[in-house]
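The structure presented is a predicted model; accordingly, all values stated were derived computationally and were not measured. Just so you know, ligand 1 is whichever comes first in the structure, and atom 1 is the first atom listed for that ligand.
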Amino acid sequence: MALKVYINGELLPEEEAKISVFDHGLLYGDGVFEGIRSYNGRVFKLKEHIDRLYDSAKAISLKIPMNKKEIHEAVFLTLRANNLKDSYIRLVVTRGEGKLGLEPGKCKKPQIIIITDTIELYPPKLYETGIDIVTVATVRNHFEAVNPRIKCLNYMNNILAKIESLNSGATEAVMLNIDGYVAECTGQNIFIVNKKELLTPNANSGILKGITRDVVIELAKKMGLVVREEFLTRYDLYVAEECFLTGTAAEIVPVVKIDGRTVGSGKPGPITLELLERYRELIRSPEATEAAECLESGYLRP
Ligand code: PXG
C-alpha cells in the first residue's frame, strides 16, 4: 500500500506528494525539521520534538502557520492514515514557494510536510560489537554562523563530515568545533564514561541538543552516575573507558574505536549496555507521558 504523506492539511498518496521546485526549502535549505519515532503505536517524546521544531523555526524567523496542538494532531492523523506502529516520522516546515532570491519575504506560505515511514536500524550486530569513529577535518558550524542548535534543512556541514569518515573507512565522524573541542557526530550526540562519570559536550559546544541526549542524561542520573556537560577534547575521548552515540534514529550505539585507539576493553562497556537496556524499556513503556497523549488522540483505536 502506498504511503500517505501529509502536506498542508491534505493526505496525499506518496506519488502525488510533491512540492514546488521554487520552494526555498529546496533552493536555499531554508526550513526546519524533526526526526521522531513511534514504538508500538506510541510516539516517543513528541512534545519535546514539537517544542524544538518551534524553537528552530523561531530562530530562523519562520512562523509556523499552525499551533503546537494542531501539529501534534496532524502527526497522529498521518500515523493513523498509514496504520504504522513502529515508524520514523519526518516533520518538515519549509519557508515555502517564492521567487528566486534569498529574502524570506518572497515566500508567503510555509509548507508543512509529515512523512511517516519505516526506518532501517543499524544491524543488531553493531549494537553488540560497537562501531569505529574518526575525528574529521570538517569543523562543526560556528554558533554565530549557523547555530547547530537549529535543526535546519541545510545539513551540508554534517554531510561533508560523513563523506570524510566513510572515505577513511570508519562508520561515523566526530566533528570538533572551531576551538578544537569535541562537538558531535553527523546525526548523533556523543558520550564518554570515565571513572564512573558520564561526560558529554556542553550544549554550547556546537551541537544539536539531542532529545535522546536529554533522556540518557536522566537515565544515568537515576542509575546514580555523576553526569557532567563539559568542553571535551580529543584527549578525553582517547582515555575514555566507554563511549557511545545517541540519536532518535540510532538510539544508543556503542563505540569501540576512536581514531584507531581502542576504547576500554574493545567491547561495548557495562554502563553503555545498561543505559541501552533502560532506554529500550523506556521507549516502550506505557507509563511514559507520550504514550498517554498518544492513546488520548486515538492512535491505538481498537
Ligand atoms: N546531532 C545532530 C546533528 C542530529 O541531526 C542528533 C544530534 C540527535 O538528536 P535527537 O534529538 O534525535 O536525539 C541529531 C538528530 C535522519 C535523522 O533522518 C537524523 C536525526 C534524527 C533522526 C533521523 O538522518 N538527527
Side-chain angles (χ1 to χ4, degrees), residues 5 25 29 31-39 43-56 59 75 86-93 113-122 131 133 135-136 138-143 145-166 171-177 181-191 200-220 229 232 243-253 255 275-276 278-280 282-283 288 290:
V5 179
V32 293
F33 77 102
E34 279 298 323
I36 314 167
R37 285 180 71 165
S38 79
Y39 298 95
V43 184
F44 189 58
K45 298 284 171 194
L46 181 58
K47 179 184 182 301
E48 286 77 357
H49 281 284
I50 291 176
D51 285 347
R52 188 171 67 185
L53 181 81
Y54 276 77
D55 286 346
S56 293
V75 168
D86 290 282
S87 74
Y88 172 65
I89 303 156
R90 170 60 64 105
L91 186 48
V92 184
V93 186
I113 301 161
I114 305 171
I115 306 167
T116 57
D117 204 345
T118 48
I119 186 166
E120 184 124 325
L121 281 178
Y122 283 131
I131 62 166
I133 62 176
T135 51
V136 293
T138 302
V139 163
R140 190 74 177 104
N141 283 337
H142 190 273
F143 61 88
V146 181
N147 196 318
R149 295 280 293 269
I150 304 168
K151 199 163 168 66
C152 77
L153 289 181
N154 190 323
Y155 257 51
M156 192 48 65
N157 184 220
N158 315 54
I159 292 165
L160 290 173
K162 186 80 189 180
I163 290 169
E164 270 186 82
S165 63
L166 295 176
T171 310
E172 188 48 64
V174 188
M175 306 177 78
L176 308 178
N177 66 26
Y181 291 108
V182 176
E184 62 179 341
C185 294
T186 61
Q188 304 89 12
N189 293 112
I190 187 165
F191 283 83
T200 195
N202 174 285
N204 290 317
S205 300
I207 65 167
L208 180 78
K209 194 165 173 288
I211 287 161
T212 320
R213 175 185 179 275
D214 290 344
V215 169
V216 164
I217 289 173
E218 284 314 305
L219 287 176
E229 299 175 49
L232 301 176
C243 177
F244 60 86
L245 313 181
T246 66
T248 297
E251 300 179 329
I252 298 176
V253 200
V255 173
L275 281 165
L276 179 57
R278 287 181 184 230
Y279 186 78
R280 288 193 168 151
L282 187 74
I283 55 182
E290 301 75 26

With rounding to the nearest 0.5 Å, note down the distance linking CD1 in I114 to CD in E34. 12.0 Å
Ligand 1: which protein N/O atoms lie under 3.5 Å from its N/O atoms?
unit_1, atom_1, unit_2, atom_2, d
ligand 1, 1 (N), E184, OE1, 2.6
ligand 1, 5 (O), K151, NZ, 3.2
ligand 1, 5 (O), Y155, OH, 2.5
ligand 1, 11 (O), R52, NH1, 2.9
ligand 1, 11 (O), R52, NH2, 3.0
ligand 1, 11 (O), I211, N, 2.8
ligand 1, 12 (O), T248, N, 2.9
ligand 1, 12 (O), T248, OG1, 2.5
ligand 1, 13 (O), I211, N, 3.3
ligand 1, 13 (O), T212, N, 2.9
ligand 1, 13 (O), T212, OG1, 2.6
ligand 1, 18 (O), Y88, OH, 3.0
ligand 1, 18 (O), R90, NH2, 2.8
ligand 1, 25 (N), K151, NZ, 3.1

Contacts of N157 meeting side chain to side chain donor-acceptor pair (under 3.5 Å) (sequence neighbours excluded), chain-then-number -> R140
Can you run down the salt bridge (Lys or Arg N to Asp or Glu O under 4.0 Å) pairs that involve residues 206-215, sequence neighbours left out, and say none if there aren't any? K209-D214, R213-E229
Partner residues of R37 under the salt bridge (Lys or Arg N to Asp or Glu O under 4.0 Å) criterion, sequence neighbours left out: E251
Please check if the distance between the ring centroids of F244 and Y279 is under 6.0 Å. no
Answer yes or no: is there a side-chain heavy-atom contact under 4.5 Å between I211 and R52? yes
